[in-house]
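Reading through the structure tokens given below for one structure.
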Amino acid sequence: MIVPHLKITFLGTGTSTGVPMVACECEVCTSPDRHDTRLRSSIMVQSSTTTIVVDATPDFRYQMLREHVKHVDGILITHAHKDHVAGVDDTRPFQFLYKKPTEIYGNRMSLEGVKAEIPYAFEQHQYPGIPKINLHEISLEPFAIGDITVIPILVWHYKMPVFGFRFGDFTYITDANRIDDEEKRKILGSQVIVLNALRNEPHMSHFTLEQAIAMANELQIPKAYFTHISHQLGRHKKVSATLPAGRQLAYDGLKIDV
């Protein structure tokens, strides 16, 4: 299998409330450092011919404008929580310009979440201007969007199944606190991994920073980036100074080549 060169863009690296959080005056939320401003978590994966976005966050519109995105070939949904599907309606400009529906991929639970988010898009009697969406139910079997092969990885957000995705040597996992051994085997050999690292204190459904580092080490991934970060984790600069080699906090707008 020929794996194309990929560019990864971190569209957002924040938790569900974003950073700064509304009404909070902590040192992170009032930080002048742009690395401490985090939109809701999402990435864009691009080859020379294909563009994929993982999750359609409430910040989708601004994320597309900031990165000057001109087309999207597919949107992968990790799970149906609000901070991962609320931006689906904002795909309409692509539909207006290119005269074709948006292709959305996810497991059954995720697609039901998309329908619940924008039910008017799926009603029998539709009015002009509503989103045109093609839903594709995926399993754990690999599939392709354009020239990019996608390998789904099942992880657990407490008791909720969430899909991570592997693209060649790059694996993206968010909103997880457990990965089963069978799914870990799909990740082995990745050169770069992204994991959620909400904060330092334990959480019932998210990895802590310490747990995310331990997972990257267990999987023997040379380079790890951490995302889905809360203001509770601390200032980007301070936390970054404590991290071991090959382990790094992601930040909005960060681009890496794989």
Side-chain angles (χ1 to χ4, degrees), residues 1-14 34-35 37-57 59-78 84 87-88 90-91 93-94 97-98 100 102-106 136 138 142-153 163-175 186-197 212 216 219 221-229 236 240 243 245-258:
M1 180 178 64
I2 298 175
V3 179
H5 172 82
L6 298 177
K7 180 174 74 172
I8 312 297
T9 302
F10 287 82
L11 300 173
T13 57
R34 69 178 183 86
H35 297 91
T37 296
R38 301 182 185 278
L39 302 177
R40 269 60 73 93
S41 289
S42 174
I43 61 167
M44 181 166 59
V45 181
Q46 294 176 295
S47 70
S48 61
T49 60
T50 303
T51 297
I52 298 171
V53 172
V54 180
D55 287 329
T57 80
D59 304 307
F60 181 86
R61 174 182 173 275
Y62 178 71
Q63 290 166 337
M64 297 297 98
L65 290 170
R66 187 191 70 203
E67 299 300 331
H68 307 287
V69 180
K70 300 305 180 186
H71 78 281
V72 174
D73 296 291
I75 297 177
L76 303 175
I77 303 297
T78 60
H84 298 266
V88 171
D90 282 332
T91 63
F94 293 124
L97 289 170
Y98 297 106
K100 59 182 182 180
T102 297
E103 310 295 331
I104 294 183
Y105 302 77
H136 303 268
I138 60 175
F143 64 100
I145 299 175
D147 64 345
I148 301 177
T149 298
V150 182
I151 302 174
I153 299 166
F163 274 13
F165 300 102
R166 180 169 178 173
F167 312 90
D169 288 335
F170 175 84
T171 296
Y172 180 80
I173 292 170
T174 186
D175 288 58
K186 295 181 183 179
I187 303 170
L188 295 176
S190 298
Q191 295 301 300
V192 181
I193 191 169
V194 178
L195 292 163
N196 57 296
L219 296 169
I221 312 298
K223 187 69 175 178
Y225 294 89
F226 304 119
T227 192
H228 210 286
I229 292 166
H236 181 95
S240 296
L243 296 178
R247 309 297 181 239
Q248 180 178 334
L249 296 187
Y251 56 86
D252 290 22
L254 172 65
K255 295 175 173 59
I256 60 175
D257 292 307
V258 183

How about [X] and [Y]: do any of their side-chain heavy atoms sit closer than 4.5 Å?
| X | Y | value |
| --- | --- | --- |
| I52 | V72 | no |
| I104 | H136 | no |
| F94 | V69 | yes |
| F226 | R247 | yes |
| I148 | Q46 | no |
| I75 | E103 | no |
| Q191 | F170 | no |
| F165 | I153 | no |

Heavy-atom closest contact ([X] atom, [Y] atom, distance):
| X | Y | answer |
| --- | --- | --- |
| R66 | F10 | NH2-O, 3.4 Å |
| T149 | P142 | CG2-CB, 4.5 Å |
| K186 | I151 | CD-CG2, 4.3 Å |
| L188 | L219 | CD2-O, 3.8 Å |

Using 0.5 Å steps for rounding, measure from the [atom1] atom of [X] to the [atom2] atom of [Y].
| X | Y | atom1 | atom2 | answer |
| --- | --- | --- | --- | --- |
| M44 | L11 | CE | CG | 5.5 Å |
| D90 | Y62 | CG | OH | 14.5 Å |
| Y172 | I43 | OH | CD1 | 5.5 Å |
| D169 | L6 | CG | CG | 9.0 Å |

Aromatic contact, F143 with Y105 (centres under 6.0 Å):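 That pair passes the under 6.0 Å test.
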By salt bridge (charged side-chain N to carboxylate O under 4.0 Å, His left out) - contacts of K7 (at least two apart):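 Expected list: none.
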State, without any angle test, whether [X] and [Y] hold a side-chain donor-acceptor pair at a distance under 3.5 Å.
| X | Y | result |
| --- | --- | --- |
| T227 | N196 | no |
| D55 | S42 | no |
| H236 | R38 | yes |
| D73 | T51 | no |
| Q63 | T57 | yes |

Output side-chain donor-acceptor pairs under 3.5 Å for residues 249-258, partner residues at least two apart or in another chain, one line each.
unit_1	atom_1	unit_2	atom_2	d
D252	OD1	T13	N	2.9
D252	OD1	T13	OG1	2.6
D252	OD2	L39	N	2.7
K255	NZ	E67	OE1	2.8
D257	OD1	H5	NE2	3.4

Do side-chain atoms of [X] reach the backbone of [Y] as a donor and acceptor pair under 3.5 angstrom?
| X | Y | result |
| --- | --- | --- |
| S190 | I193 | no |
| T171 | I187 | no |
| T91 | V88 | yes |
| S41 | G14 | yes |

Steps toward side chain to side chain contact (heavy atoms under 4.5 Å, CB included) verdict (F167, V192): CA-CA 10 Å; F167 312 90; V192 181; over 6 Å; no
